[in-house]
Amino acid sequence: MRTITRHPIARKLAEAALTLLGVAVLVFVMLRATRGDQISATLGIEAAALTPAQRAALEAYYGLDQPLVVQFFSWLGNVVTGNLGYSSRSRQSVLEMTADSLPITFELAVLSIIIGLLIGVPLGMLSASRANSLRDAFGQTVGLAGLSIPAFLLGSTMLALSASMLGYNPNARGFASFAEDPWLNLQQMLMPALVLGFGLAAPIMRTARSALLEVRSMDFVRTARSKGAGPVRVQLKHVLHNALVPIVTMTGLQFGYLLGGAVVVEQIFSIPGIGRQVLIGIQQKEYAVVQSTVLVIALSFVIINLLTDLLYRVIDPRVRAQ
Amino acid sequence: MTFRPSRKRAGLAILAGPAALALMVTGCSSANEPDPQSTSGSGTLVAAITADPDTLFPWKATQFQAVNVLENIYGTLTQFDDELNVVPGLAEKWEPSEDGTQVTLTLRDGVTFHDGSEFDADDVKHSLDLIRDEATAAVAAASIGSVTDVEVVDPLTVTLTLSAPDAGLMANLANVNVAMLSSDDTEEDLNTEPNGTGAFVYVDRTPNQSIKLEANEDYWGDAASLSSLEFRIIADETSIVSALQSGDVQFAVLNDPLVAKTAEGSGISVVGTPQLSYHALQLNATKGALTDVNVRLAMQCAIDRQQVLDTAALGEGEVTGPITSPAFKSDPEARPCPERDLDKAKEYLAKAGMADGVTVKTIVSQGSYATSVNEAQNLQAQLAEAGITLDLEVLEAGAYVDRWIAADFEAAVALNGGRPDPDGMYGRYFPSTGNLNQVAGYNSPELDALFAEGKATMDADERKSIYDEISQHLEDNAAWIWLFTSYTYTATTDTVDGFTPMANGSLQNLRSTTVSN
Amino acid sequence: MSAEVTVDTTALQAPAKGRGSVLAGILRSPSGLIGLLLTGAVVTLGLLSVFNLLPFDPIAQRPEVRLQGPSGEHWFGTDQFGRDILSRTASGVANSLLISVVAVAFAAIIGTAGGLIAGFFRGWSDRSISGVTNVLFAFPPLLLALSLASAFDRTWFTIAVAIAIVYAPIFVRVARGPVLSLREADFVRSATVVGMRRFAIIWQHILPNIGAIVIVQITLSLSWAVLTEASLSFLGLGTPPPAASLGAMIFEARTLVNFAPWTMFAPGAVIILLVVGLNLLGDGLRDALDPRNRGTK
């Protein structure tokens, strides 16, 4: 309880605000450091044919004629008041776009992590329980082999096989959100979540195995065993419980990554998630879209980090007691 | 396998015939029953495109996907038939004055915009005036730059006054970037609610997912057979093939020859159509060693174009000279080194005083089209044998465009769009007054004179010989090194019929396409 | 509950053992042994390229033999430029490993140091390090890579730096979590009480205890870095040609696989062997380095 009084919510919020400000500055600078602008991104090589007057008209249209400092603060000022900007390409406000895309990626991330945990934790427990048997090493090798295929290869192969052999390709139908059509939505999420889940299972398995071995060799487990607790009970109650910290750390990290990092899978399976929103924004040099979307992703990160921190306190008494 | 040769002349030029392709088939052919749920009503076609149109405003649309969608919604004064001849569009006929400095257009009667308003001469004047106004920043401003005045004679007659005769003008008017807009609409309106005279009416759009159109019942030509047309965005071409296999998408245009071959092997019908666009190694004759014509000629002689085509695109294309449109086609062999000749290349290098070798900084884009990096690698390997080092800078697509438009390169591996009319195609690159001449990096008084002559000459045969001369001049001076033209591939399920692909990549024939669901 | 959780301080205070016994430890566990063998085999392949012992030049093109299947001359066939796939794969291993090792070395050193300092000292150093970490975490890795690729010449080194920046925050987080727990452990408290200097405590008591988890993370990150480089190729940001990299080879083979499946085989098999090998080696290392395993087997 002391922890909370020592870290008042106000301070956490100030920290979060600082992080977001850092992100805002960095994303702004990075976008300006990359070559090209929305004019050349939209017109392609035709931009070379623009007369100076035409270029000036376009710069005014896209708001590129303002000094950088003005661009930064007017954007930031708008963001603070809830106006994330406007995509001239999609004819939508960034807020609307994000309200559609963020829940989609969120759902994908949750499903992927569930699949990753379902595969990874049991595999980790299995391998930790017989860490040094040759048979198990072979089993691990085979398991890992399946997990070490690049996501773009696994994704497109899975899609191609399913479409050509079964004629089944829900991702080729128009995307349906969960609210619109839950059944179709889940079908569309299945393959991408499997691909991401396979990728997640490997690190989760390694972390779980490593943590389990660590915890199992500790005194209290030996004590519990010597008191006559059965192996399953020891495994579940004492060991798994205490191995949760690194697993939670790992999972929290992965979740954050998936928000921006599912883009390859979103691209292959035509999932209109937030990763694609950033990618398309970058390709089109739509500064407002990229800046605000990255800020939203950053905000999600901050929230997830807070939750992870909270979970530590729930799971690990040592942190709670400090 | 269901390889269908295109019925059109252009389609017959495909080199890799059915027999050659049959050898490539390894996949199994499945039934490919279309999913009954995927297509709601009869006559609905779902066409996959790889990117969302970046604008719905036709005067600023340069992206392929945007053009493909918009040419189905908007109408132009003239248009191209399947062989790329200029034929009447919204202008029923046109009559040049004796001295060629005026053109009188007679407009089609009874044409309406999708919102129901009448199309008339005021709309033509409004559109052409705005396109020519620099504040509009319309990309076609220069292509109708010879127009100095637009005069409404009566509601169905417009007279264009030209600064000089312009043989390419009527072809330039067929471009969707010169689409006719209603004088009541603003750019802002049209960006959200397109309003054209084309065969399809805009219905709605989900950004980055789909654009839905339906047939225009009041279209002035034959109304579309499809009742509705949906463009669905699937970013990855390999995923598009999967979507065609499951029948959820029935139509797509593929660019990557390898993906097209894969599709062919899996029971999808694929038709390759030679394109006007051309792959070239653009040289910048104002930079570095390339200012010496002998160095450029050495490069030309050191490159076997067929080898570039074979390795980078598995032979899917044709070696080409500068002009690619069928009516004005350059003879690809008409150049100092029709075949690769390393001895001659070394001679040229010696003449330039660079027998010890020369380095050329070359930009390549990665990700904008499938074969770019492969072409660059093969060019590099071939030139190395002649002592020419191609110093490759592989750039992300946006960075490449930025360098290209700033002419910040010595050489560039490029895929440039072609046009049916040679003046429209090169009139902006090689005359010293062309708005892309800085990027082209080469001009000469002879070329300036020839381009002016070509523009002022109306007779088709005379024009052909002028552009042959231009083509010869470009090759003799190795202004650039033209490599090959490639195909685009129209991939359809067996329910689709009646689509004719065109060499300019246009999808205007979706209006005559049928689908049986 | 908290009474049960203690750390075996006697084991922690045991003096570190020499290199030889670590190797012996790896060799004792089957998974470590297999991992060492797999990684060793793949690294040897890469070394062949470094020392120019390949049958063919991995870059030279011979279009007359393009897209040939496996034969006596070309064991794993040729690609569309007539380049020998075995030679290219070997050279790809060298390039991919170079990028991955440099990237992960940067990430591990900077990230672990940051995590140790942040977790142990808490206070402003924790806030600033965690602040920077959070800012970097929040960045879509793609944007980072794209900016770097666009702002600098794309070379293997800029790609390595881009990957390092993406992975360093992971090391911060992975190290910081356990340090938070460890600094409250009795043996650390008692070391503080007896007046040990704080950097000495970190060096002697904290670092050895997070060593295992950091090493597991390093081997994992190495294999991810190889896969990340492959994903960058998918997005058109990979190793610039004509140099070979495993990721780029697999990406190119993706569209060739239907009519020239051998182009996928060698790079695909090697990337799997490498990733699996590194993972198993990580296990073996973990077991061998773990203080509690010393002398017990």
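Note that the coordinates shown come from a computational prediction; the quantities given were computed from them, not determined experimentally. Side chains are part of it too, since the values below use all heavy atoms of this structure and drop only hydrogens, waters and symmetry mates.
- Counting only residues at least two apart or in different chains, side-chain hydrogen bond (donor to acceptor under 3.5 Å, both in side chains) contacts with residues 47-65 of chain A comprise A/Thr51-B/Glu134.
- In terms of heavy-atom proximity, A/Phe255 sits nearest to A/Ala109 at CE1-CB, 3.6 Å.
- Looking at A/Ile280, only its side chain comes within 4.5 Å of chain B, counting heavy atoms on both sides.
- The residues B/Asp408 and B/Arg403 are annotated as salt-bridged, a charged nitrogen and a carboxylate oxygen being separated by less than 4.0 angstrom.
- Centroid-to-centroid, the aromatic rings of B/Phe251 and B/Phe231 stay 6.0 Å apart or farther.
- Of the atoms belonging to B/Glu237, not a single heavy atom falls under 4.5 Å from chain A.
- Looking only at heavy-atom pairs under 4.5 Å with chain A, the residue among B/Ala138, B/Ala142, B/Gly434 that has the most is B/Ala138.
- Contacts between A/Ser90 and chain B at a heavy-atom distance below 4.5 Å involve backbone atoms as well as side-chain atoms.
- When heavy atoms are compared at a cutoff of 4.5 Å, B/Asn177 does not approach chain A at all.
- Counting heavy-atom pairs closer than 4.5 Å to chain B, the top-ranked of the candidates A/Ile39, A/Leu159, A/Thr42, A/Ile45 is A/Ile45.
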Fill in: Stepwise ring pair (Phe, Tyr, Trp, His ring centres under 6.0 Å) check, B/Tyr429 with B/Trp480
CA-CA 11 Å; B/Tyr429 281 110; B/Trp480 295 351; 5.2 Å; yes
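- Options B/Asn208, B/Val249, B/Thr192 differ in how many heavy-atom pairs under 4.5 Å they form with chain A, and the most are formed by B/Asn208.
- Under the 4.0 Å criterion applied to side-chain N and carboxylate O atoms, B/Arg205 and B/Glu193 are not assigned as salt-bridge partners.
- Contact annotation for B/Ala48: neither backbone nor side-chain heavy atoms come within less than 4.5 Å of a heavy atom of chain A.
- Using a 4.5 Å cut-off between heavy atoms, B/Leu56 makes no contact with chain A at all.
- Between A/Trp75 and A/Phe28, the angle of the ring planes stays under 30°, which puts this pair in the parallel group of the 30/60° scheme.
- Residue A/Ala41 touches chain B through its backbone alone, counting heavy-atom pairs closer than 4.5 Å.
- If you measure heavy-atom distances from B/Ile234 to chain A, the contacts under 4.5 Å come from both the backbone and the side chain.
- Each of B/Val139, B/Val439, B/Thr55, B/Asn191 has some count of heavy-atom pairs under 4.5 Å with chain A, and the biggest count is that of B/Asn191.
- Side chain to side chain, A/Asn83 and A/Thr81 fail the donor-acceptor criterion of an N or O pair below 3.5 Å.
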